[in-house]
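Take a look at the structure set out below.
Numbers restart at 1 for each chain; the letters A, B, ... are given by sequence-line order, proteins then strands.
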Protein chains: 2
Amino acid sequence: MSASGVRARVRAEMTEEIKTVARRHLASDGANLSLRAVARDVGMASSAVYRYFASRDDLLTALIIEAYDSVGSAAEAAMAKPADTDADRLLVLSHAVRDWALADPHQWALIYGSPVPGYQAPQDTIGPATRVIFAIAKIVQEAFTAGRVVPVPEPTGRYAEELAAVAEQFGPGTPPRLVGSAMSAYFQLNGAVSAELFGQLNQTVEDDRRGFFEFQMRGAVAFIGLT
Amino acid sequence: MSASGVRARVRAEMTEEIKTVARRHLASDGANLSLRAVARDVGMASSAVYRYFASRDDLLTALIIEAYDSVGSAAEAAMAKPADTDADRLLVLSHAVRDWALADPHQWALIYGSPVPGYQAPQDTIGPATRVIFAIAKIVQEAFTAGRVVPVPEPTGRYAEELAAVAEQFGPGTPPRLVGSAMSAYFQLNGAVSAELFGQLNQTVEDDRRGFFEFQMRGAVAFIGLT
DNA sequence: AAAATGCAAGAGCAGTGCTCTCGCTATGGC
DNA sequence: GCCATAGCGAGAGCACTGCTCTTGCATTTT
């Protein structure tokens with residue numbers, strides 16, 4: 001009865017509870033969380049979990065997708081805020097991403113850290129994975145179409161053609177260097193956050209890491225011609 | 001007899017063989033290599049390995065130190081090569097680091113990827129860990145003392161003081177922004193390599209990743225004022 | 001020569017991912 | 001309303017993991 005079915009609903013709830021508990025374990029144990037331990041916390045046999053997730057990797061994949069979506073919406077929300085300049089808008093986005101990462105380092109490590117050996121990201125993850133860089137690209141594109149981008153060295157060589165192909169996804173006529181700029185900013189953002197989170201800053205910059213991060217990102221923003 | 005002792009020598013050889021086999025396993029299984037499997041390959045009981053390494057983490061630490069030293073000497077060798085300009089010298093170093101990473105991605109992941117949960121880097125690792133950034137800093141410093149560095153925005157704020165403290169390690173009178181510049185270049189280098197290795201470039205730049213890497217690093221080099 | 005030390009092997013413990021089988025219960029067709 | 005079906009939970013079990021402890025042996029030191 002009940003066309004959608006009671007069964008389907010409790011299944012959805014159960015799936016959600018497992019993910020919630022798993023996320024909690026992720027925060028303490030990192031990517032090598034134990035499926036059995038999660039099952040214990042949920043209060044069921046470990047074998048029962050396999051009714052909801054085909055494997056531990058499947059469970060991790062679900063968490064990865066959620067993490068991508070989470071940081072993606074954080075970035076999009078920051079981008080949507082009013083800002084005086086394009087540079088400010090990108091800086092606000094950068095801080096939003098950094099704040100998200102600091103709030104849950106293991107989730108950051110899960111999606112931007114070294115991939116789990118043997119784990120191959122399934123197709124479902126590539127959509128959510130692109131949200132942050134799309135947000136950055138949108139900022140750059142809007143600045144460009146409004147004629148507010150300072151000229152910047154044009155990419156040349158074979159990779160420039162590959163960038164051109166990607167640029168088509170943003171609408172025809174998008175200049176390749178725009179994609180290159182967005183990717184530069186994106187990778188510098190990721191590099192700065194990862195360096196901070198993975199301990200590369202230890203015993204150098206300890207107190208004012210936020211300030212140092214902003215210094216770095218200001219450089220990145222200037223490099224791609226945003227003012 | 002034999003003051004140093006035969007025992008000590010075979011022990012050193014055994015230690016080396018375990019590390020060699022472990023490095024081979026690292027290349028295929030990544031950071032979650034199995035100590036038992038390594039022991040099997042070496043041809044001894046797993047319990048015997050504990051005579052040489054107190055724990056699996058200890059074995060990993062040994063591999064981490066070796067990896068840091070390996071990439072460090074690669075960077076230093078590249079820096080020592082004759083180059084027309086400071087920018088070229090830093091670019092050559094960058095390519096050397098990238099080539100090293102591409103040759104053995106798991107070793108890169110081991111030292112620059114997400115830290116193994118629960119693993120705390122012991123004191124022995126921080127020395128070798130700094131070799132690459134020291135090489136970069138040396139390039140920047142030499143260019144600076146020779147007066148070949150284009151003026152660059154001076155860091156301000158609390159983190160600038162922390163940079164100043166680090167700068168003292170490079171000799172008195174070293175300007176803080178020099179350290180900031182070296183770190184910027186270093187993190188951008190790491191970010192670019194990690195992005196490429198950890199799959200962030202998938203389905204965008206596929207063929208000419210080397211060219212794209214150079215494009216990014218040229219930006220980084222220009223940003224810190226090297227010509 | 002005797003005592004002390006270093007080493008390797010084996011058994012064993014607690015934990016892991018995952019599979020399979022067994023009952024039970026809610027669901028959908030008649 | 002009845003009944004076959006399909007989904008679900010639990011338990012046992014397999015092969016594996018890191019690590020510890022004990023036992024026997026070889027080597028080194030006294």
In residues 132-139 of chain A, what donor-acceptor pairs under 3.5 Å come from side-chain atoms, sequence neighbours left out?
none

What pairs of donor and acceptor atoms, side-chain ones from residues 10-18 of chain A against any protein atom, are under 3.5 angstrom apart with sequence neighbours left out?
from  : atom 1 : to    : atom 2 : distance (Å)
A:R11 : NH1    : A:R51 : O      : 3.3
A:R11 : NH2    : A:R51 : O      : 2.9
A:T15 : OG1    : A:R11 : O      : 2.7

Computed from five pairs at either end and rounded to 10 degrees, the angle between the axes of the helix from C:dA1-D:dT30 to C:dC30-D:dG1 is 10°

Which is true for B:L33 with a 4.0 Å heavy-atom rule: it touches a base, it touches only sugar-phosphate, or it touches nothing? sugar-phosphate

Nucleotides 10-13 of chain C: which of its N/O atoms have a protein N/O under 3.5 Å away?
from   : atom 1 : to    : atom 2 : distance (Å)
C:dG10 : N7     : B:S47 : OG     : 3.4
C:dG10 : O6     : B:S47 : OG     : 2.8
C:dG12 : O6     : B:R36 : NH2    : 3.3

Could you tell me how far apart A:M14 (CE) and D:dG9 (C1') are, to the nearest whole angstrom? 10 Å

Does A:Y52 have any ring pair (Phe, Tyr, Trp, His ring centres under 6.0 Å) partners at least two apart in sequence or in another chain, and if so, which? none

Quick check: A:F215 with B:Y159 (ring centres under 6.0 Å apart)? yes

Can you tell me if the side-chain N/O atoms of A:Y52 get under 4.0 Å from OP1 or OP2 in D:dG7? no

Check whether the side chains of A:W108 and B:S114 place a donor and an acceptor atom closer than 3.5 Å, and report yes or no. no

Rounded to the Å, how far apart are B:D29 CG and D:dG18 P? 11 Å

base_contact_polar (D:dG9 base, A:R51 side chain, donor-acceptor, <3.5 Å): yes

Along DNA chain C (nearest heavy atom to each residue), the more 5'-positioned of A:L35 and B:M44: B:M44

In whole angstroms, how far is the P atom of D:dT28 from the CZ atom of B:R11? 14 Å

Using side chain to side chain contact (heavy atoms under 4.5 Å, CB included) as the criterion, list what pairs up with A:L35, not counting sequence neighbours. A:V49, A:Y50, A:R56

